[in-house]
Amino acid sequence: MKTPLAPCKTLKNRLPRLMLVLAMVLANAVALACSIARASESDSQYCVTDMSDRAVCLDTRSPRIISLSPGSTELLFAAGAGDRVIAVDQHSDFPEAVKQLPNVGGYPNVSVEAIVAMKPDLVVVWTAGNSQKVIEQLESLGISTFHIDVVDFTGIKQALRSLGQVAGTEKTAEQVVGDFTARLHTLQSQYARREPVSVFFEIWRSPLMTVGNGLVIDDVISLCGGRNIYGDVSERIPKIGIESLITRDPQVIIGSDPQGDTPKTRKELLGYWSQWQNLQAVQQQQLFSVPSDLIARPTPRILDGAEMICHQLQAVRSKASHTERVAGQIPIHQESPL
């Protein structure tokens with residue numbers, strides 16, 4: 001008996017249509033998988049609020065970063081994001097590894113073309129120092145920028161945390177914040193409540209400029225138990241007249257110098273300020289310097305500069321105490337016999 005051929009013939013006729021259906025199902029499955037993958041990728045995007053209260057959103061936890069100021073470069077490396085930095089501005093010089101990175105120029109001549117060519121995921125800018133025109137140009141070209149502007153100790157900690165978040169190095173950043181906070185508290189407990197010493201901090205000479213309220217150097221002076229004689233001025237870096245300085249008559253004058261506080265820099269300070277002999281800081285030769293990078297950049301290293309200033313002010317207190325003790329001693333020939 002022969003097997004009927006009808007079912008095989010029917011299957012043969014239906015096979016092309018079956019394959020077409022299977023192909024369509026497979027295509028739909030692939031499309032669905034791709035759609036899910038894209039959705040997952042979109043969901044993986046994360047946002048961090050910068051110091052201009054802007055939500056900055058990225059698609060990667062290991063962004064390629066360009067830094068446009070020495071301060072932001074130091075903060076990025078301190079926050080553990082040094083291996084994310086692909087280029088810096090020409091003035092960035094710390095830590096040592098920075099010197100091996102390409103630079104994109106410096107204020108005010110930053111090369112936007114060079115930045116665009118490097119295709120960074122993020123450019124970190126210092127809003128109070130970088131050119132607003134450059135920042136706007138970068139943003140108009142679709143390049144993500146992260147704004148920071150640090151003016152006090154709290155800002156240093158905030159910047160470290162936010163940079164750690166945007167670079168995916170939160171753990172390292174938090175550890176650095178903890179170390180910074182502990183050291184800050186130690187200096188506060190040692191010096192903040194000691195006998196006040198009036199201080200003039202010289203930023204620039206022509207025109208004469210100093211530190212007002214709202215700048216981290218003002219906080220450093222207070223941390224060390226000093227009193228910034230222009231701490232009542234709201235402007236961050238006010239221009240002043242020599243007559244005003246003579247009226248306020250500081251006990252100490254502190255300047256900044258790349259070489260720091262050396263016999264040479266003290267001699268130079270005294271040589272300049274000695275033309276105003278009626279200043280008590282000049283009369284007592286209480287003029288000091290601190291390394292520029294350790295006081296001008298609001299980064300964790302500013303506590304190195306702060307420690308130097310604390311020691312300088314304490315030396316002035318000790319000198320005054322010694323003078324008072326000597327002045328208060330009874331001459332030997334006037335001492336009463338036992």
Side-chain angles (χ1 to χ4, degrees), residues 71 126-129 149-156 184 187-188 190-258 260-261 265-266 268-299 301-317 319-320:
W126 202 287
T127 54
D149 182 24
V150 181
V151 297
D152 54 22
F153 294 134
T154 299
I156 292 173
L184 180 62
L187 289 172
Q188 284 175 329
Q190 288 180 334
Y191 297 102
R193 296 184 180 180
R194 298 203 179 194
E195 181 184 354
V197 176
S198 60
V199 177
F200 170 71
F201 194 95
E202 177 192 329
I203 292 287
W204 201 254
R205 287 183 183 169
S206 184
L208 189 58
M209 301 172 74
T210 188
V211 177
N213 187 19
L215 201 65
V216 70
I217 299 174
D218 179 59
D219 290 341
V220 168
I221 294 170
S222 297
L223 173 70
C224 295
R227 179 180 62 82
N228 176 14
I229 63 171
Y230 286 97
D232 59 339
V233 178
S234 59
E235 191 177 355
R236 290 185 185 179
I237 305 180
K239 296 178 183 178
I240 63 167
I242 192 64
E243 297 82 6
S244 169
L245 179 59
I246 291 172
T247 299
R248 300 198 181 206
D249 194 20
Q251 294 171 267
V252 174
I253 293 175
I254 299 177
S256 62
D257 191 285
D261 192 45
T265 56
R266 288 192 189 187
E268 191 277 330
L269 270 173
L270 184 60
Y272 175 78
W273 286 103
S274 61
Q275 57 191 306
W276 293 286
Q277 285 291 331
N278 47 344
L279 289 170
Q280 60 176 321
V282 176
Q283 293 171 0
Q284 300 296 324
Q285 297 191 16
Q286 294 170 169
L287 302 97
F288 306 96
S289 290
V290 64
S292 307
D293 292 351
L294 299 186
I295 197 65
R297 298 179 187 177
T299 72
R301 285 203 302 160
I302 200 167
L303 293 187
D304 293 338
E307 190 167 351
M308 293 179 185
I309 291 177
C310 288
H311 290 164
Q312 290 164 353
L313 298 191
Q314 186 56 31
V316 170
R317 292 188 191 97
K319 179 180 177 181

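Since the model is a prediction, treat every value here as computed from it, not as a measurement. Every heavy atom of this structure was used, including side-chain atoms; hydrogens, water molecules and symmetry mates were not. The chain is numbered in sequence order, starting from 1.
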### Task
Could you pull out the closest heavy-atom pair between Ser274 and Gly271, with the gap in Å?
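Smallest heavy-atom distance, with atoms named: OG-O, 3.1 Å.
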### Task
For Leu279 and Pro250, work out which heavy atoms get closest and say how close.
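Nearest heavy atoms, Leu279 then Pro250: CD2-CD, 4.1 Å.
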Going by heavy atoms in the side chains, are [X] and [Y] under 4.5 Å from each other?
X      : Y      : value
Arg266 : Asp261 : yes
Pro298 : Val151 : no
Phe201 : Ile295 : yes
Glu307 : Tyr191 : no

Say whether, by atom type as modelled, one donor and one acceptor occur between the side chain of [X] and the main chain of [Y] under 3.5 angstrom.
X      : Y      : value
Lys319 : Gln286 : no
Asn228 : Val211 : yes
Ser222 : Asp219 : no
Arg317 : Arg194 : no
Gln251 : Ser198 : yes
Gln277 : Val282 : no

To the nearest 0.5 Å, what is the distance between [atom1] on [X] and [atom2] on [Y]?
X      : Y      : atom1 : atom2 : answer
Arg297 : Ile302 : CZ    : CD1   : 11.5 Å
Ile253 : Leu269 : CD1   : CG    : 8.0 Å
Ile254 : Ile203 : CD1   : CD1   : 11.0 Å
Asp149 : Thr127 : CG    : OG1   : 3.5 Å
Asp293 : Arg301 : CG    : CZ    : 5.5 Å

### Thr265: which of Ser289, Ser256, Pro258 passes side chain to side chain contact (heavy atoms under 4.5 Å, CB included)
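Answer after filtering Ser289, Ser256, Pro258: Ser289.
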### Message
Please determine whether side-chain contact (heavy atoms from CB on, under 4.5 Å) holds for the pair Tyr272 and Leu287, giving the CA-CA distance in whole Å, both sets of side-chain angles, and the decisive distance to 0.1 Å.
### Response
CA-CA 11 Å; Tyr272 175 78; Leu287 302 97; over 6 Å; no
Listed pairs under 3.5 Å, donor-acceptor, residues 234-248 side chains, sequence neighbours left out:
unit_1, atom_1, unit_2, atom_2, d
Ser244, OG, Tyr230, OH, 2.7
Thr247, OG1, Glu243, O, 2.9
Arg248, NH1, Ile229, O, 2.5
Arg248, NH1, Asp232, OD1, 3.0

### Task
Mind running side-chain contact (heavy atoms from CB on, under 4.5 Å) on Ile309 and Phe288 for me, showing each step along the way?
CA-CA 8 Å; Ile309 291 177; Phe288 306 96; over 6 Å; no
#### Entry: Verdict with reasoning, Thr299 to Ile156, per side-chain contact (heavy atoms from CB on, under 4.5 Å)
CA-CA 6 Å; Thr299 72; Ile156 292 173; 5.7 Å; no
### Message
Checking Val252 against Phe200 for the side-chain contact (heavy atoms from CB on, under 4.5 Å) test, could you report, in this order, the C-alpha distance in whole Å, the side-chain angles of both residues, the deciding distance, and whether it holds?
### Response
CA-CA 6 Å; Val252 174; Phe200 170 71; over 6 Å; no
### Query
Should we say atom CD of Gln283 is surrounded by more than 12 heavy atoms from elsewhere, each under 6.0 Å from it?
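Yes - once you tally the heavy atoms of other residues, nucleotides and ligands closer than 6.0 Å, there are more than 12.
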### Heavy atoms from other residues, nucleotides or ligands near CZ of Arg193 exceed 12 (cutoff 6.0 Å)
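Check fails, neighbour count at 12 or below.
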